[in-house]
J.: 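Structure in structure tokens, see below.
No hydrogens, no waters, no symmetry mates; every other heavy atom, side chains included, goes into these values.
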Number of protein chains: 2
Amino acid sequence: MPPGTRDALIDAATRLLDQGGVEAVTLREVGRLAGVSHNAPYKYFPSKEALLAAIAARELTARRDALDATSRRGLAPEAVVRSVMRQYIAWVLAHPARFKLIYGKWSIDSAELGEAAHAAQEKLVEIVAAAQDAEALPPGDPVRLAALIRALAHGAADLAAADHLAAGGKGHADPEDLVDDLLGYLRPGVPGRA
Amino acid sequence: MPPGTRDALIDAATRLLDQGGVEAVTLREVGRLAGVSHNAPYKYFPSKEALLAAIAARELTARRDALDATSRRGLAPEAVVRSVMRQYIAWVLAHPARFKLIYGKWSIDSAELGEAAHAAQEKLVEIVAAAQDAEALPPGDPVRLAALIRALAHGAADLAAADHLAAGGKGHADPEDLVDDLLGYLRPGVPGRA
DNA sequence: ACCTGAACACCGTTCAAGT
DNA sequence: ACCTGAACACCGTTCAAGT
């Protein structure tokens, strides 16, 4: 079954999510796009939220694969870190509804979702640790430094997506600028930004 | 009219928001809590989303006032910055639904909401600029440095609220730790974290 | 000016029934 | 095993009507 009803449902729901946000994802419209009735999804997912969790898990796995691909490209360790942060921001701005969905509130907890998130997080820690080994990032707990870097990219992207970065929007501070600023401050042994 | 139906509606909606997230805010329940019918809100707000925007604007104004109060407390400039970041994180963790609402997707644009966001942002820039003047933060465009600091607090708090900080949740990296780490890296003239 | 009750189109979910 | 159509309770919004 190459298409597969289950995948067709996830595809349809993802399309609706991208086009109109999570509130545009109705089971009736998902069914219509997938060519089934509006309650066929209940054969594959116990609830609408479980369908949304499947979208989120699939997306997080794709993000982890993207991190993996970047880390294998043969770039210098610091370039990998910078590239990964830029990709994160580009992803949020390209698919804000997927981003909001993943980090929004969940009433159910999907093991698939939790594991996908964990895998992506671990990949980033590896990348940061490699940059530390090359002395391109300051020493210390790589989990903690990865969390710092990721939190900045996450916050900058979210504020940019919500149009709350540097109120007035003069391009005074794009999320990419903030990434560069942070990496500048993190450069080991070099005081300040210079 | 001390209570005032309009304020009673915002109060009721805020209570529902805090208790069950934005999806728990239904006009029927808002009306019931406020002691009016389920369509009385339409006399004060053109839509449900406009009522939500009023909540968001009120909250942003309260945040600005909190920033203002902290900056007038007579603390050293660096202590003000640290205190303000901790307050931001505490606010997100205490009222995640208000936070998600403010930075979520808006189909309408409320002038009140935009102005409240701008006022809060400007207050933070003032605080950062004062710390720069006291050489407690590195020099440069205060708007940009304020954006960096805020983006980190925003991202760390959002990831913590969504339980995505340092997957595994061992307290390896609390949002407050990340704030301290960033301020350490930003200390002018001192290389690294030491 | 402020509020109500009935009505409309829509939604998630359940269920009996079909193949 | 997989899917459908009818039904239920709920929702945002509109509207005619009341004071």
J.: What are the bounds, 5' to 3', of the part of DNA chain D that sits under 4.0 Å from heavy atoms of chain A?
T.: D:dC2 to D:dA7

J.: Both B:N39 and A:T26 contact DNA chain C. Which one's nearest nucleotide lies toward the 5' end?
T.: B:N39

J.: According to a 3.5 Å limit on both distances, what stems of 3 or more consecutive Watson-Crick or G-U pairs are formed with DNA chain D?
T.: C:4-8 with D:12-16, C:12-16 with D:4-8

J.: Give a yes or no answer on whether the side chain of A:E49 reaches the backbone of A:S107 with a donor-acceptor pair at less than 3.5 Å.
T.: yes

J.: First locate atom NE2 of B:H164, then atom CD1 of A:I102, and finally report the distance between them rounded to the nearest 0.5 Å.
T.: 7.5 Å

J.: Does any residue of residues 42-56 of chain A have a heavy atom under 4.0 Å from DNA chain C, and if so, which ones, in number order?
T.: A:Y42, A:S47, A:K48

J.: So, applying side-chain contact (heavy atoms from CB on, under 4.5 Å) with A:I149, which one of A:L124, A:V84, A:L186, A:I127 is it?
T.: A:L186

J.: Check whether A:D180 reaches the backbone of A:D177 with its side chain - one donor and one acceptor, N or O, closer than 3.5 Å.
T.: no

J.: Looking at DNA chain C, which of residues 9-19 of chain B put a heavy atom within less than 4.0 Å of it?
T.: none

J.: According to ring pair (Phe, Tyr, Trp, His ring centres under 6.0 Å), who are the partners of B:F45, at least two apart in sequence or on a separate chain?
T.: none

J.: Without swapping roles, check the side chain of A:D174 against the backbone of A:E176 for a donor-acceptor pair under 3.5 Å.
T.: no

J.: What's A:V25 touching, base or sugar-phosphate or nothing? Going by heavy atoms closer than 4.0 Å.
T.: sugar-phosphate

J.: Report yes if the side chains of A:T5 and A:K43 come closer than 4.5 Å at any heavy-atom pair, otherwise no.
T.: no

J.: If only side-chain N and O atoms count, and only distance matters, is there a donor-acceptor pair under 3.5 Å linking B:Q87 with B:T70?
T.: yes

J.: Just list the side-chain donor-acceptor pairs under 3.5 Å for residues 53-69 of chain B, sequence neighbours left out, or say none.
T.:
residue : atom : partner : partner atom : Å
B:R58   : NH1  : B:D11   : OD1          : 3.0
B:R58   : NH2  : B:D11   : OD1          : 3.0
B:E59   : OE1  : B:R98   : NH1          : 2.9
B:E59   : OE2  : B:W91   : NE1          : 2.8
B:E59   : OE2  : B:R98   : NH1          : 3.4
B:T61   : OG1  : B:A57   : O            : 3.0
B:D68   : OD1  : B:K123  : NZ           : 2.8
B:D68   : OD2  : B:R72   : NE           : 3.2
B:D68   : OD2  : B:R72   : NH2          : 3.4

J.: May I ask you to decide if B:P138's main-chain N or O and B:Q132's side chain share a donor-acceptor pair within less than 3.5 Å?
T.: yes

J.: Between the main-chain N or O of B:V25 and the side-chain N or O of B:K48, is there a donor-acceptor pair closer than 3.5 Å?
T.: yes

J.: Is A:Y44 close to A:L51 at the side-chain level, that is, under 4.5 Å between some pair of heavy atoms?
T.: no

J.: Classify the ring geometry between B:F99 and B:Y88 as parallel (under 30°), tilted (30 to 60°) or perpendicular (over 60°).
T.: perpendicular

